[in-house]
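Everything below concerns the one structure shown next.
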Amino acid sequence: MLDLKFVRTNPEIVKEALAKRHAEINLDDFLRQEEQRRQLIFEVEKYKAERNKTSDEVARLKKNGENAEHLISLMRDVGAKIKELDQKLSEIDNKMQEVLYTIPNIPHESVPVGKDEKDNLEVRKWEEPRQFNFTPLSHFELGERLDILDFGRAGKVTGARFTFYKGLGAKLERALINFMLDRHSKKGYTEIFPPFIVNRQSMFGTGQLPKFEQDAFKIENTEYFLIPTAEVPITNYHRDEILDAEKLPLSYCAYSGCFRAEAGAAGRDTRGLIRQHQFNKVELVKFSLPENSYQELENLTADAEAILQELGLPYRVVVLSSGDLGFSSAKTYDLEVWLPSFNSYREISSCSNFEDFQARRANIRFRRGLKEKPEYVHTLNGSGLAIGRTVAAILENYQQEDGRVKVPQALQPYMGVQYIE
RNA sequence: GGAGAAGUAGCGAAGUGGUCAUAACGCGCCGCACUCGAAAUGCGGUUGUCCGCAAGGGCACGUGGGUUCGAAUCCCACCUUCUCCGCCA
């Protein structure tokens, strides 16, 4: 959420940002309502001040045993007026909130302006894709042949876009979770195991609601949602708090299941592990001083990259264009891993700086000094990494001609075997 | 799920319809004094937010409604925590 005062005083900047994102929002209507709103506040507060003053007077009169009937009857009208104006004010507030809550974040100046993902820019690349002297199989073919992934039975038991992991497949999934958490906590991220279900307020805090409710799984007859990412519970962990500036940046890593309705993705990536309704992820979250947040974004991205490097998976880093940028993000780097069966790079991590956009929604602040005013922190997060897609990348990149899959060196202590066969 | 109790500043807590919400009192924290220094002691300070150039106002006692000229205080609903019972991995 943007600062209302900022929108009012910098309408041109906001309009330009909306244009860069190809978002259609009528800002002029909004600004007119804002004008009205302030007028109403001014009016109703005048009446309230009068009421407060007169109430004191009534109290004094009654205490002295004098008659206050004339004042009381006067205040009856004032009370009615206040009620009426307050109602008007809350109506206009509600209308404005509907708009304000759907205005996306302003892209950082370093974000390339573009239409969609085709305008994302490659920032760097790590290692060249492996060359095969045989035709590489897809991870789902490998998974089924090795009897470590079972999509068919998941379809029977649950439905499309779910998977059973089995034997060394299940162990690989678990090994990756442990491996990543171990690496990140060694780097100073505090490990957290969060709830996988959150309330509406938390989903609002990180920006999933109100605009993207159709993407979430909501639990019937409750106001609970399955989390689409650990970002939601971890960022909201500090909701409505004032943090100590000396403790910043706070860095957390968390494993969680992730649940996504994938509304609008019908027909895309229907086979394999790439797009599931349920997947596992290790997430990195940071709460940073505003002046350090872009350095922290580089740090966080590097920490996610280190996992890919240790696993020996070729990848590239792209910076998302303004047209592809997520709603809450000011700047995002995607890490894309090489997937031989796709003959292309696919997103395996997304690292974003939200600046104060989430912090304002979730009311997460810090104080520089004892007498200083609280300020909003900057929040960041990134996958470190998506586990299912990492499994897919390992199976495809480490497959051997004989159909076996070599276990990456770094993972062997966690797997206890050198080959999946 | 059932019964009961409670939610007020960083913490503990007073306030049960009006002159007590920059919220009594205590602890903590900050500053000053005293001291060679510290402890102890004394004095002072210590919520956030909104409107406004400012002066000055408004709002907030778990949350949302209601009653009233006026609500921390009365009524209703909900949330959270604690205790006991039931159930359960």
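Below, chains carry the letters A, B, ... as their sequence lines are ordered, and counting in each starts from 1.
The backbone N or O of A:F354 lies less than 3.5 Å from no partner atom in the side chain of A:S329, so there is not a single donor-acceptor pair.
A:R360 comes within contact range of no nucleotide atom at all, as no heavy-atom separation falls under 4.0 Å. If you check every strand for non-hydrogen atoms under 4.0 Å, A:R367 touches sugar and phosphate atoms only.
Contact annotation: A:N52 does not reach the phosphate of B:G57 (side-chain N/O to OP1 or OP2, under 4.0 Å). For the OP1/OP2 pair of B:G52 and a distance below 4.0 Å, the side-chain nitrogens and oxygens of A:R38 include at least one atom meeting the criterion. Within the 4.0 Å cut-off from OP1 or OP2 of B:G52, not a single side-chain nitrogen or oxygen of A:K46 is found.
Across every strand in view, B:A13 sits unpaired, with no contact that passes the Watson-Crick or G-U test at under 3.5 angstrom. Shown here, B:A89 forms no base pair; nothing in the strands shown gives a Watson-Crick or G-U wobble contact with both key distances under 3.5 Å. Nucleotide B:G18: paired with B:C69 (Watson-Crick or G-U wobble, both distances less than 3.5 Å). For B:C78, the paired base is B:G62 (Watson-Crick or G-U wobble, both distances below 3.5 Å).
With C1' as the reference atom, B:C74 and B:U83 are 27 Å apart, rounded to whole Å. Nucleotides B:G1 and B:U49 are separated by 40 Å at their C1' atoms, to the nearest Å. Between the P atoms of B:A6 and B:G10, the separation comes to 23 Å (whole Å). Between B:G17 and B:A5, the distance separating the two C1' atoms is 24 Å to the nearest Å. B:G52 and B:U41 are spaced 45 Å apart, taking the C1' atom of each and rounding to whole Å.
Nearest-nucleotide positions on RNA chain B for A:A59 and A:K83 put A:A59 closer to the 5' end. Nucleotides of RNA chain B nearest to A:K48 and A:E34 differ in position, and the one nearer the 5' end is that of A:E34.
In this structure, CD of A:E241 is placed 16 Å from P of B:G48, rounded to the nearest angstrom. Atom NZ in A:K53 sits about 12 Å away from atom C1' in B:G56, given to the nearest Å. Between the CD1 atom of A:I364 and the P atom of B:G48 there is a distance of 18 Å, rounded to whole Å.
Taking the centre and axis of the six-membered ring of A:F204, the NZ or CZ atom of A:R361 falls inside the cone set by 45° and 6.0 Å.
Checking A:Y255 against A:N280 by side-chain atom types alone, a donor-acceptor pair falls below 3.5 Å.
Centroid-to-centroid, the aromatic rings of A:F212 and A:F327 come within less than 6.0 Å.
In B:C20 the O4'-C1'-N dihedral to the base is within 90° of 0, which defines a syn nucleotide.
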Passes ring-ring contact (aromatic ring centres under 6.0 Å, His included), A:Y294 versus A:H378? Steps please. CA-CA 10 Å; A:Y294 279 93; A:H378 281 193; 7.4 Å; no

Please tabulate the protein-to-nucleotide N/O contacts below 3.5 Å involving nucleotides 68-76 of chain B, giving atom names and distances.
{"from": "B:C69", "atom 1": "OP1", "to": "A:R76", "atom 2": "NH1", "distance (Å)": "2.4"}
{"from": "B:C69", "atom 1": "O4'", "to": "A:I72", "atom 2": "O", "distance (Å)": "3.4"}

